[in-house]
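Here is the naming used below: chain letters follow the sequence lines, and residue numbers restart at 1 for every chain. As the structure is a computational prediction, the values presented were derived from the model and not from experiment.
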Protein chains: 2
Amino acid sequence: MVTISDVARCAGVSPVTVSRVVNRSGYVSEKTRQKVEKAIKELGYIPSAMARGLRLNRTYTFALILPDITNPFWTTVARGVEDAAQQREYSILLYNVDEDMHKQERALETVLSQQVDGVLIAPHDGLVSHLQPLRMRSVPTVIVDRRLNEVVPDWPVDIVRGDSISGAKALTTHLISLGHRKIAMVSGDERTTTAQDRVMGYRIALQEAGISCDENLIVYGEFRVSAGVEMTNHLMERGINFSAIFAGNNAIGMGVVRELIRRGIRIPEEIALVFYDDYANASEYFPFFTVVTQNAYQIGRTAAELLISRATGEHSEPREFILPSRLVTRYSCGSMLDDHHQSLLSLPIVNPKDLKEVVWEVPLLLPYPA
Amino acid sequence: MVTISDVARCAGVSPVTVSRVVNRSGYVSEKTRQKVEKAIKELGYIPSAMARGLRLNRTYTFALILPDITNPFWTTVARGVEDAAQQREYSILLYNVDEDMHKQERALETVLSQQVDGVLIAPHDGLVSHLQPLRMRSVPTVIVDRRLNEVVPDWPVDIVRGDSISGAKALTTHLISLGHRKIAMVSGDERTTTAQDRVMGYRIALQEAGISCDENLIVYGEFRVSAGVEMTNHLMERGINFSAIFAGNNAIGMGVVRELIRRGIRIPEEIALVFYDDYANASEYFPFFTVVTQNAYQIGRTAAELLISRATGEHSEPREFILPSRLVTRYSCGSMLDDHHQSLLSLPIVNPKDLKEVVWEVPLLLPYPA
DNA sequence: CCACTGTCTGGAATCGTTACCACAATCTGA
DNA sequence: TCAGATTGTGGTAACGATTCCAGACAGTGG
């Protein structure tokens, strides 16, 4: 490995001088600068971020702790974070924690040992105690997409998120305006603030419409496809009556769809469906689901920019950014269709037993032809 | 910050002893071990990965350099990588390089300065010279999803990828079997090996079927939605005649769809469409597109496991894993439909001028009700 | 009783970098 | 001409951890 001393020896100067050239700090004569730069190039010297980090106590690295990088919402958040970070020459350490408290704890511990300059986290729950390690060591922190349940006066954290309450309220009100009175709510983990907020928005909408809320219609689970399947199944099995389903996020929504299709229940004719967060690319060519979308990219980008600002001491008082969301009404509630489209645009598209998908294993074509 | 010396002082021993306790190395009496462990807990000591890395020259960190974490294919690869890495206590540094050579170079430089234990990269092109920095410093490297165009005898790298040639051949042969003779191929950047291989598979299929290959039908661009739009537009503008389109990956495919819908061209009645790599979640509720899928998760997972094995010296000779792919025939070629479904399952689903999507800005609901 | 082995602990050096301080050389202005 | 500022360079210590080596002590066998 080429070190600063190697460069120094090669250029006939001291390591200190090389450091000055590399960091453009202090006085260096033009002549020596050139000698040093030549040596750096010749030897292919790259400064060790580790040694520098050890000395400076700065790593130019942020940790990004997310529930699931497979979900396009989080993916887009990550993309926003990465773009903002890259622009300012920060690197991103990615941790996928699956809404699993244990994994989150492990990730936090690892992150602390890595001495990152800051942490972007979508915490599983709103308990500050679970972020205690960050607080103790006063690591600059930005909460992404979610809230904390407590206000912590002596720990300034920033928060960037959508307004789940207003979004959920809008979605529910939309369903009510279409005549639905019994709306099932299948949400995420009860401890997650977005799950809480979306149920809250749902409640507010019902209340404003003068509809009493049937607690049996509210189910908490997880923000995953499989949970969407199970919760739908659960509601059906218990014979609970409802004409619409509000899925707490896109993954749950997909699970609901899977289960409804399996049961041969048509959307929207038999059950209307809305969910929180879009599937952007799918919706483009098949704009079927009525959803609330958030600007995930902007959430990620803003969060990263805030973190940079905090990490570099540009601000220290806690800030909260609440980004607006949009209600996109499409076809999964039946509201947009005339008689013709009504029969056309419903899921399952064709009778499920006619739906086929043939899978062929493709044999490898090796060795390659020239 | 709590250091090893703080713990040592608190426990009344030397830092060396603390180190031994933490790493379970060397002799430590039961009594001192307990004293030290108590001190560690009391002070909340977390060893500095940086200091340790500087000393040991190991960071337990891998870099993952990908074209686009927004594409579900790469997302799933990343997920496989993360899972495997987490299991073995490795962290992942994520770099998004957008098929941009400049960004890739910057990422490589950063990665080298971070002294990662290994690199997982989907290189933009197959030129070894562009990976020179990794080779020079002999950083353990695994190529993901792609190939190198040269064999490098003195630089052992592992490769994990699908067999793009056989996949593309299968897709093309499928189109040919449905009677298509003029098939447009809209691929990625000509320098990317998967773009090359998919065109190669396309050529082989045509050749085997005795169809001469019209070079005007082959267009190279980028693996992006916007490029799919442009390439389709380009083909149309030039009035080139074809009855089917083969899109080089899912993003390009989406661009093709967007442009065809814009032009009011129906899929598959007017033009059949296939593409490489599925959109898993979209295909679940709307299984429309005939595609070749790869096991992206397995590619990522295998790559990470190989890298761990290489980084820990378990193997050193170069290995190449070529994972099989699957042809999934659905509806975008019209082959699966009887007369009824034929008219039902085509894109755009309804006349595009009837398709509507209403967007409402949701007002923020602040301050929150209690 | 002595040599030897095994157990336990700590001091010093080291990893690659930068901050601080010291010092020399040159330049400026009265 | 000389004090004082400006410019240029290097030595030393430190960041937090681990490895190597040395030494102390206890137990064992001849």
Side-chain angles (χ1 to χ4, degrees), chain A residues 1-37 39-40 43-61 89 109-117 137 139, chain B residues 1-37 39-40 43-61 89 109-117 137 139:
Chain A
M1 194 201 178
V2 182
T3 75
I4 201 169
S5 310
D6 299 329
V7 176
R9 211 170 307 123
C10 171
V13 296
S14 81
V16 181
T17 304
V18 177
S19 171
R20 276 194 274 258
V21 171
V22 171
N23 300 301
R24 306 186 199 319
S25 64
Y27 293 110
V28 181
S29 74
E30 191 48 36
K31 217 177 101 195
T32 36
R33 146 164 290 118
Q34 290 188 355
K35 265 195 306 184
V36 170
E37 271 165 0
I40 287 176
L43 301 179
Y45 167 69
I46 298 180
S48 156
M50 232 168 7
R52 177 182 278 163
L54 183 60
R55 183 66 238 255
L56 298 182
N57 232 359
R58 299 203 70 202
T59 53
Y60 290 91
T61 301
E89 313 243 295
E109 186 164 333
T110 309
V111 152
L112 290 179
S113 80
Q114 314 254 23
Q115 313 259 146
V116 297
D117 290 351
R137 311 185 92 181
V139 179
Chain B
M1 196 202 174
V2 182
T3 75
I4 201 168
S5 310
D6 298 329
V7 176
R9 211 170 306 122
C10 171
V13 297
S14 81
V16 182
T17 305
V18 178
S19 171
R20 275 194 275 258
V21 170
V22 171
N23 300 301
R24 309 187 197 320
S25 64
Y27 293 110
V28 181
S29 74
E30 191 49 35
K31 217 176 102 197
T32 37
R33 144 163 290 116
Q34 290 187 357
K35 265 195 307 186
V36 170
E37 270 164 0
I40 288 176
L43 301 179
Y45 167 68
I46 297 180
S48 156
M50 235 170 1
R52 178 182 276 163
L54 182 60
R55 184 66 235 257
L56 300 182
N57 235 355
R58 298 203 70 203
T59 53
Y60 290 91
T61 302
E89 315 241 296
E109 185 164 334
T110 311
V111 152
L112 289 179
S113 80
Q114 314 254 23
Q115 314 258 143
V116 297
D117 290 351
R137 312 185 89 177
V139 179

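Among the heavy atoms of the strands lying under 4.0 Å from A:Leu54 is at least one base atom, whether or not backbone atoms are also near. Residue contacts shown for A:Met50 are absent, as no nucleic acid heavy atom lies under 4.0 Å away.
The distance between atom CD of B:Gln114 and atom P of C:dT17, rounded to the nearest whole Å, is 14 Å. For A:Leu56 and C:dT17, the CG to P distance is 12 Å, given to the nearest whole Å. A straight line from CD1 of B:Ile4 to C1' of C:dG11 spans 14 Å, rounded to a whole angstrom. Between the C1' atom of C:dT17 and the CE atom of A:Met1 lies a distance of 10 Å, rounded to the nearest Å. Taking atom CZ of residue A:Arg58 and atom P of nucleotide C:dT17, one finds them 18 Å apart after rounding to whole Å. Atoms CD1 (A:Ile46) and P (C:dT17) sit 11 Å apart, rounded to a whole Å. Taking atom NZ of residue A:Lys31 and atom P of nucleotide C:dA25, one finds them 15 Å apart after rounding to whole Å.
A:Gln34 has its side chain within reach of A:Glu30: a pair of non-hydrogen atoms, C-beta onward, lies under 4.5 Å apart. Contact check for B:Thr61 versus B:Gln114: no side-chain heavy atoms found under the 4.5 Å cut-off.
In the 5' to 3' direction, nucleotides of DNA chain D lying under 4.0 Å from heavy atoms of chain A begin and end at D:dT7 to D:dG16.
Taking every heavy atom of residues 7-30 of chain A and every atom of DNA chain D, pairs under 4.0 Å involve A:Val13, A:Ser14, A:Val16, A:Thr17, A:Arg20, A:Tyr27, A:Val28, A:Ser29, by number.
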Between A:Arg33 and A:Val36, does the side-chain contact (heavy atoms from CB on, under 4.5 Å) criterion hold? Intermediate values first, please. CA-CA 5 Å; A:Arg33 146 164 290 118; A:Val36 170; 5.9 Å; no
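Of all non-hydrogen atoms in A:Pro15 and A:Ile4, the two that sit nearest each other are O-CD1, 3.6 Å. Pairing each heavy atom of A:Ala8 with each of A:Ser14, the nearest pair is CB-C, 3.6 Å. Here the closest non-hydrogen pair linking B:Val139 and B:Leu112 is CG2-CD2, 3.6 Å. Considering every non-hydrogen atom in both B:Met50 and A:Thr59, the closest pair reads SD-CG2, 3.5 Å. For the residue pair B:Asp117 and B:Asn57, the shortest heavy atom distance occurs at OD1-O, 4.4 Å.
Shown here are the side-chain hydrogen bond (donor to acceptor under 3.5 Å, both in side chains) partners of A:Glu37, two or more places apart in sequence or in another chain: there are none. Taking A:Arg58 as the reference, A:Tyr60, A:Tyr90 meet the side-chain hydrogen bond (donor to acceptor under 3.5 Å, both in side chains) condition, with sequence neighbours excluded.
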In dot-bracket notation, what is the pairing pattern of DNA chain D, taking Watson-Crick (N1-N3 plus N6-O4 or O6-N4) and G-U wobble (N1-O2 and O6-N3) contacts under 3.5 Å, with [ ] crossing and | for other strands? ||||||||||||||||||||||||||||||
Pair up each side-chain donor or acceptor in residues 21-28 of chain B with any protein partner under 3.5 Å, not counting sequence neighbours, and list the distances.
residue : atom : partner : partner atom : Å
B:Asn23 : OD1  : B:Arg52 : NH2          : 3.2
B:Asn23 : ND2  : B:Ser19 : O            : 2.9
B:Asn23 : ND2  : B:Ser19 : OG           : 3.3

